[in-house]
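Whatever order the structure lists them in is the order used to number ligands and atoms, beginning at 1. Source: prediction; values computed, not measured.
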Amino acid sequence: MRYVRRRLAAVTAALAVSVLNGTATSPAFADQRGTDKTSSATGYGGAVSTVDPEASAAAIEVLHDGGNAADAAVAAAATLGVTEPYSAGIGGGGYFVFYDAKRGRVGTIDGRETAPAVMPHDAFTDPATGQPYRFTPELVTSGVSVGVPGTPATWERALDRWGTVSLHDALEPAIDVATRGFEVDETFRQQTLDNKLRFEAFTSTSRLFLPGGDAPAVGSVLQNHDLAETYRLLAKQGTRGFYRGPLAAEIAATVQAPPKTPGTTLPVPVGHMTTADLAAYRVLDQAPAPVDYRGLDVYGMAPSSSGGTTVGEALNILDTFNLSEMSAPGALHHYLEASALAFADRGKYVGDPAFVEVPTAALTDPRFGKERSCQIDPLHAAEKPVAPGEVSSYDGVCPAAAATPADEKDTEDLSTTNLTVADKWGNVAEYTLTIEQTGGSGIVVPGRGFLLNNELTDFSTVYDPADPNRIEPGKRPRSSMSPTIILEDGKPFLALGSPGGSTIITTVLQTILNRVDLGMSISEAIAAPRASQRNTAQVAAEPEFITAYGSQLAPYGHELTPAGDAFTSAAEIGAATAIEFMPDGRMVAAAEPVRRGGGSAMVLKRSQ
Ligand code: GLU
């Protein structure tokens with residue numbers, strides 16, 4: 001409390017400016033439906049931030065009708081399955097973090113995809129050549145990378161555990177959007193074009209997303225009757241309708257024999273998933289991985305995601321420095337270095353705890369963070385990659401420098417979606433969900449209206465028995481998703497998360513630092529340009545970050561390089577959503593003003 005309250009005057013002033021600048025929408029929630037995008041909204045009674053106005057409107061509708069944050073989060077997620085089908089949907093997985101106001105506790109659901117029971121260690125080796133498949137095009141567009149989806153089971157579990165409405169009711173707004181259709185925007189068209197070659201490779205996918213052989217035009221309306229029908233099936237039968245019966249059989253058949261367009265040149269390795277894998281899928285209720293950062297309690301997702309331990313470790317490292325008294329480049333230097341150290345430990349220690357021993361307690365222990373902080377030279381960037389720390393013996397005292405390990409290739413892609421919802425009772429839902437790459441595996445289950453994930457590409461692609469993230473049957477691949485809820489004196493202060501593969505971790509971390517240490521409002525903290533140091537020689541950064549800080553960070557030895565990859569046309573990092581809870585009871589919903597075409601923040605009752 002001590003720390004954050006001091007900054008409130010500045011925050012309030014900044015928010016007043018953003019509202020006056022016209023980022024506000026009409027107070028009536030009904031008017032918020034449609035394509036009117038606003039990146040900041042302040043008010044009472046409930047709030048939501050997502051990447052999409054239809055999804056935010058669905059959440060507001062549920063809150064307005066008396067539903068709580070869990071209900072509204074599921075409604076928003078299902079709607080994102082319609083309007084953001086390349087980022088998330090029932091063919092994927094995710095992590096759901098919830099602050100239960102009545103119990104004053106944070107709980108989490110691990111809805112990560114699992115590897116099929118018969119997936120061999122050499123699943124990513126081409127049997128024809130004995131050589132590893134290439135990541136692109138073989139692995140990303142394949143049946144072999146499809147994990148057993150966790151998203152439908154996550155929705156059902158979140159509603160059972162914390163919700164007040166049935167899955168049937170929570171799916172209603174999404175069914176409505178899928179039926180009447182949504183307006184295609186620039187981002188959707190561009191994402192379709194980026195995937196055109198892959199989507200053309202499957203009869204089911206091209207039929208749905210390339211009507212007339214082309215990406216839908218900007219401004220056209222895209223309906224998805226197949227998905228509406230699939231949601232109706234779930235509404236009627238619950239998730240049994242997904243994990244068992246005809247739909248389960250169709251999913252397994254699609255993975256084992258993807259519906260390839262005759263003549264396609266893409267190789268499309270087949271997968272191993274069976275109906276038994278679908279029937280056996282379970283989400284996990286998990287304790288969160290909390291750390292204390294400057295008197296705030298930060299609750300992140302424990303493994304199988306590396307999000308909670310990596311954000312948490314970096315915060316523990318940074319807690320030993322007074323960032324708010326440093327120059328901006330000085331604070332950013334410490335941020336980049338702390339992130340590299342935490343990524344080194346992520347790589348060495350984090351995998352699915354059902355299969356490998358993960359030292360979660362050590363990684364989130366402030367004494368371990370203190371010891372790791374010794375590696376940071378206040379004036380010089382360490383040579384990357386930095387070595388991992390020793391979790392079996394640490395005492396908070398500086399150890400001797402360790403040997404430099406080999407550079408690790410990071411193959412995670414930049415997709416996924418995140419949403420934040422709060423209700424009038426004080427409950428908060430923070431939910432990151434994905435189908436991995438933008439467009440997932442590229443394979444739509446024929447006639448069912450949704451894409452299958454390619455999440456198993458998050459396993460290390462080369463099998464090494466010492467690697468915690470090696471392929472094992474039934475295992476969850478390591479994730480970077482970092483849905484985070486921060487409490488102050490036991491009450492919500494901030495909830496946030498982001499998509500972006502392994503840059504999720506740095507986006508969440510940098511946004512927390514921007515808000516807590518660098519005096520920004522939450523909207524400013526999200527809008528600020530980003531850089532991502534994941535223990536590599538160069539720091540990936542947005543062009544605006546390079547312009548603002550490149551020359552100031554060069555004397556420290558940081559080499560900045562434009563972000564972006566082979567799959568996406570934008571040099572952006574992350575697409576965060578957040579809600580901040582003000583001491584006077586107001587909620588500030590914040591979304592991206594620009595990235596991914598801008599997000600959508602809404603509140604039930606708007607105030608200044
Ligand atoms: N597969 C990634 C993860 O679990 C998320 C996908 C992305 O954001 O690119 O960390």
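- Atom numbering of ligand 1 starts at 1 in the shown order; those under 4.0 Å from a heavy atom of S480 are 3 (C), 4 (O), 10 (O).
- Of all the heavy atoms of E455, the ones lying under 4.0 Å from any atom of ligand 1 belong exclusively to the side chain.
- The ligand atoms of ligand 1 that sit less than 4.0 angstrom from a heavy atom of T434 are 5 (C), 6 (C).
- Checked by distance only, ligand 1 and P499 stay at 3.5 Å or farther apart across all their nitrogen or oxygen atoms.
- A heavy-atom distance below 4.5 Å is found between the side chains of M481 and T434.
- At a 4.0 Å cut-off, at least one heavy atom of R112 sits close enough to ligand 1 to count as contact.
- Under 3.5 Å, the side chains of R112 and S304 contain no donor-acceptor pair of N or O atoms.
- Here's the thing with R478: none of its N/O atoms is less than 3.5 angstrom from an N/O atom of ligand 1.
- By the 4.5 Å heavy-atom criterion applied to side chains, S532 and T507 are not counted as neighbours.
- Within the listing of ligand 1, atoms 7 (C), 8 (O), 9 (O) sit less than 4.0 angstrom from a heavy atom of G501.
- In this structure, the side chains of T511 and I522 come closer than 4.5 Å at one or more pairs of heavy atoms.
- Considering every non-hydrogen atom in both T457 and S145, the closest pair reads CG2-OG, 3.3 Å.
- For a threshold of 3.5 Å applied to N or O pairs, the pair formed by I504 and ligand 1 contains no separation below that value.
- Annotation: side chain of F343 is in contact with side chain of T506 (closest heavy-atom distance under 4.5 Å).
- Just one residue in the list N469, D458, D110 forms a side chain to side chain donor-acceptor pair (under 3.5 Å) with R476, and that residue is D110.
- Near M481, with a cut-off below 4.0 Å to any heavy atom, the atoms of ligand 1 are 4 (O), 10 (O).
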